[in-house]
Every structure is written in structure tokens, then in C-alpha cells.
Amino acid sequence: MTMTFGERMRVLMGERGMSLRGLAKTIHYDVGYLSKVANDRKCPSLQAAQRIDGALEAGGELVALVQAGATSGTRDGGFAFDDEIDALEFAERVAASDVGNETLTRLELAIDDLATAYPSTPPGELLERVRRHLSYIARLIDARKTLSEHRRLLVVGGWLSLLASTCHVDLRQFPAATARLRTVAQMAREAEHAEIAAWCLETEAWQAVTNGDYRRALTLTQGAQTVAPRGGSAYIQATAQEARVWARLGAGPETRDALDRVAALVSPLPMPERPEHHYQYDPAKSDAYIATTLSWLGDRAAEPYARQVIRRLESTTDGPPRPRRAVSARLDLALALLASEQFDEAGQLTLTAVTSGLLVPSNYWRAREVIAAIEARRMSASGELREAYRELYAPTRSGQG
């Protein structure tokens with residue numbers, strides 16, 4: 001008596017020592033679908049039979065059974081029925097996934113946690129955590145998943161790669177940062193995610209600022225504004241970064257124009273649930289950028305702004321304290337105090353920042369700038385500052401620029 005397709009399929013699987021899950025993985029079909037075929041509860045299409053036949057090395061035997069109609073299902077031998085089965089089978093394969101909604105949701109929540117940890121976690125430590133998540137995502141890229149899940153995975157990978165690149169910039173590991181940003185740009189294109197694409201350009205702009213390449217930084221910040229959804233965090237951040245770049249170039253009118261645009265964008269914003277989230281703009285960040293920008297421009301208004309920012313960042317009135325941002329604000333205040341010849345306080349603030357253990361390598365140049373100004377005035381504190389800076393810079397000098 002001739003075996004049905006399902007019966008012969010089960011015999012061949014037993015002979016080959018292949019499980020349904022193993023077969024499904026080999027031919028990229030849903031294991032539930034193959035279970036129904038193996039138990040003669042579903043008629044395989046000719047295409048499916050050919051793939052199963054090849055995987056089980058049946059030499060065309062299973063294909064012949066389908067062509068002969070040796071299945072427990074009803075077949076009329078016409079093309080219409082085959083087409084219907086092919087369509088249903090294709091739909092099942094599109095919906096098949098080894099990733100799942102729960103996994104992706106947990107990864108999306110992890111992005112928020114890591115981005116929130118950014119202001120208070122040493123960049124090297126945070127980078128290791130991000131790397132572990134990216135390694136897991138790399139494995140999922142090869143897994144079977146739906147088109148929707150594939151896009152979500154690209155978005156998750158884009159955000160995590162972006163955060164990794166930011167940590168590399170903070171550590172002045174510029175080749176690694178550049179490589180990460182290329183990956184981010186590719187993922188943003190594949191996922192058609194404008195916000196990530198804009199943050200990629202803004203991060204590259206910050207890297208250019210830390211290297212003193214202000215003209216390139218200006219081009220990048222303006223490019224980010226062109227790409228970013230208007231009014232989103234990336235758009236505001238890029239506009240604020242543009243103001244800082246104009247200040248470094250000594251362009252007062254352009255600086256103030258950019259600051260006015262930031263103020264108009266920020267004024268309607270509510271305080272976000274997680275104000276310390278690196279990729280969510282908040283009013284405290286805006287004030288800190290104004291303080292930095294005005295101090296770089298040599299505007300005396302920077303002093304009251306910087307003092308206000310330090311108080312705010314060290315309080316808990318609108319979120320947890322943000323000590324790393326407060327350290328940067330001290331350098332802004334020190335620079336502003338130099339402009340009004342308050343040298344002693346400027347020196348003390350700089351010493352506090354340099355010895356805090358919170359200053360990241362990407363901001364060392366800001367401390368160096370204040371120290372150079374103090375040394376030029378031959379102040380007594382300059383020797384202590386220079387020694388503190390040497391101790392800070394020495395561990396990162398080798399291989400990090």
C-alpha cells in the first residue's frame with residue numbers, strides 16, 4: 001500500500017535523525033506548518049514538497065507523491081488549488097518568527113535604561129553593557145523573523161550603536177566611533193528612521209567639535225536639522241550644537257540666532273519622564289547649552305546662566321542629580337569668570353572639575369583651555385592645576401588621541 005506524503009516524510013525524518021524543528025530551520029519553514037504536513041493535516045504545495053524532499057535526500061520520492069496526489073487531503077489536480085495552498089503557505093512563512101514581540105519589547109526598554117544611565121555612568125563601563133546587547137542583536141539578525149520585527153530590530157540596533165559611538169567619542173576612541181556611526185547610518189537608512197539618522201550626524205558633529213574642526217561641525221549640525229523630524233529631540237540638539245559651533249567661530253549674530261531658535265523649540269516642551277535620557281531633550285539641557293555657548297562666545301551673561309545650571313543639575317527638583325553635566329557646567333562658569341577677571345574662583349572651579357573623577361576625555365580640552373588661560377596670567381594656582389590635569393590625562397593619553 002502506497003504511503004501518504006506525511007507517512008513517508010516521517011519515515012525519512014526518522015532515518016535521517018532529523019526533528020521537525022531541525023527540518024524547519026533547514027528549509028526556513030514554520031515548524032507548525034511542517035507538523036501539519038507530517039501528520040497529513042495539510043497538503044504541501046509542490047514547492048514545499050521539493051524543499052522537504054531535498055532536505056531529507058528523498059531523491060524526488062516525496063515530490064512524486066505530491067504529483068500523484070498521495071496525500072490525505074483532497075486535491076483536484078488543478079492549478080487554482082495549488083495557488084491557494086502556495087498563498088496560505090507563504091503567509092505562514094511571513095508570519096513565522098524566532099524573535100517575537102516580547103524579546104523586542106525588552107530590548108526597546110533596555111535602550112531607554114542605557115540612555116538614561118549615560119549621564120551618570122563612566123563611558124567605558126556603559127560601553128561594555130551596550131556591547132553585550134549588540135552582540136545579542138547580532139545573533140537575532142540571522143534568526144527567522146517577520147518584516148515588522150526585522151525593522152524593529154534594526155531600530156534597536158541603530159539606537160544601541162549610536163550610544164556605543166557616543167561612548168567612543170567620550171573616550172576619544174575616534175576610529176571606533178566613526179565605524180559605529182557608519183553602521184548607525186546604514187541601519188537608519190534600512191529602517192527609514194529619520195530621528196536616528198539625525199542623531200548620527202549630530203554625534204559626528206560633536207566629535208568634530210572636540211577635534212576643533214568647527215567648519216565641518218557646522219556642516220554636520222545643519223545637515224542633521226535637514227534630516228531630523230522638526231521639533232524632535234535630534235532637531236533641537238542639532239540646533240543647540242549649531243549655536244555652540246558658531247560661538248567657537250566667534251560669530252555673535254549667528255550664535256544668538258541659533259539660541260533664539262532653540263528657545264522657541266524648547267519653550268512648549270514638557271519635562272520628560274526621564275530628563276536624564278540622553279536622546280530626549282529637556283529644559284535643563286537647554287540651559288546648560290546656553291551657558292556653554294555664551295561662555296565660548298565670551299558673553300558676560302554666561303556667568304549667571306552657569307551658576308543657575310549648576311544649582312539645577314545638583315538638585316532633585318526636576319529629576320535626579322546629574323553630576324557629570326554639573327562638572328561641565330563648572331568649566332563653563334570658570335571660562336565666564338576668566339572674562340570678568342575672577343581668576344581665583346575660576347581656578348578653584350577648574351580644579352574641582354579636574355579632580356572630580358567625572359570629567360570624560362571628550363571634555364578634557366575644555367579644562368585645558370581654562371588652565372591655559374590661567375597659566376597665561378601667571379596665577380599661583382596654575383602649577384597645581386597643571387599637575388592635576390597631567391594626572392587626569394595620563395591614563396588616557398596612549399591610543400586615545
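Residues take their numbers from the sequence shown, with the count starting at 1.
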For the residue pair [Y] / [X], report whether a side-chain donor-acceptor contact shorter than 3.5 Å exists.
{"X": "E276", "Y": "S120", "result": "no"}
{"X": "S45", "Y": "Q47", "result": "no"}
{"X": "Y289", "Y": "Q237", "result": "yes"}
{"X": "R152", "Y": "N101", "result": "yes"}

Can you find a pair of side-chain heavy atoms, one from V370 and one from L385, that are under 4.5 Å apart?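 Counting from C-beta outward, V370 and L385 never come under 4.5 Å.
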Do the side chains of [X] and [Y] get close enough for a salt bridge, i.e. N-O under 4.0 angstrom?
{"X": "D260", "Y": "R256", "value": "no"}
{"X": "E192", "Y": "R151", "value": "no"}
{"X": "E314", "Y": "R330", "value": "yes"}
{"X": "R307", "Y": "E345", "value": "yes"}
{"X": "R106", "Y": "D112", "value": "no"}

Enter the distance from M3:CE to L12:CG here, rounded to the nearest 0.5 Å.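 With rounding to 0.5 Å, CE (M3) is 8.5 Å from CG (L12).
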What distance do Q207 atom CD and L220 atom CG have between them, rounded to the nearest 0.5 Å?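 That separation rounds to 9.5 Å.
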What orientation do W159 and H193 show, parallel under 30°, tilted 30 to 60°, or perpendicular over 60°?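 Perpendicular: the ring planes of W159 and H193 meet at over 60°.
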Hey, can you tell me if Y29 and Y33 have their rings parallel, tilted or perpendicular (30° and 60° cut-offs)?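 Taking Y33 first and then Y29, their aromatic rings sit tilted (interplane angle of 30° to 60°).
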Do side-chain atoms of [X] reach the backbone of [Y] as a donor and acceptor pair under 3.5 angstrom?
{"X": "S233", "Y": "Y281", "result": "yes"}
{"X": "T255", "Y": "A247", "result": "yes"}
{"X": "S135", "Y": "R131", "result": "no"}
{"X": "R189", "Y": "V184", "result": "no"}
{"X": "D287", "Y": "Q308", "result": "no"}

Hey, does the Lys NZ or Arg CZ of R172 hover above the aromatic six-ring of Y364, less than 6.0 Å from the centre and inside 45° of the axis?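 No, cation not above the ring by the 6.0 Å, 45° rule.
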Please list, chain by chain and in numerical order, all residues satisfying side chain to side chain donor-acceptor pair (under 3.5 Å) with E369, sequence neighbours excluded.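 Partners of E369 by the side chain to side chain donor-acceptor pair (under 3.5 Å) criterion, ordered by chain and then number, come out as R248.
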Of I196, L107, I111, which is the lone residue that meets side-chain contact (heavy atoms from CB on, under 4.5 Å) with V155?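 For V155, the side-chain contact (heavy atoms from CB on, under 4.5 Å) check succeeds only for I196.
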Where at least one partner belongs to residues 103-154, residue pairs that pass ring-ring contact (aromatic ring centres under 6.0 Å, His included), sequence neighbours excluded: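 Checked against ring-ring contact (aromatic ring centres under 6.0 Å, His included) - neighbours excluded - the pairs reaching residues 103-154 are Y118-H278.
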Sequence neighbours excluded - ring-ring contact (aromatic ring centres under 6.0 Å, His included) pairs with any residue from residues 207-265: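 Of all non-adjacent pairs touching residues 207-265, none passes ring-ring contact (aromatic ring centres under 6.0 Å, His included).
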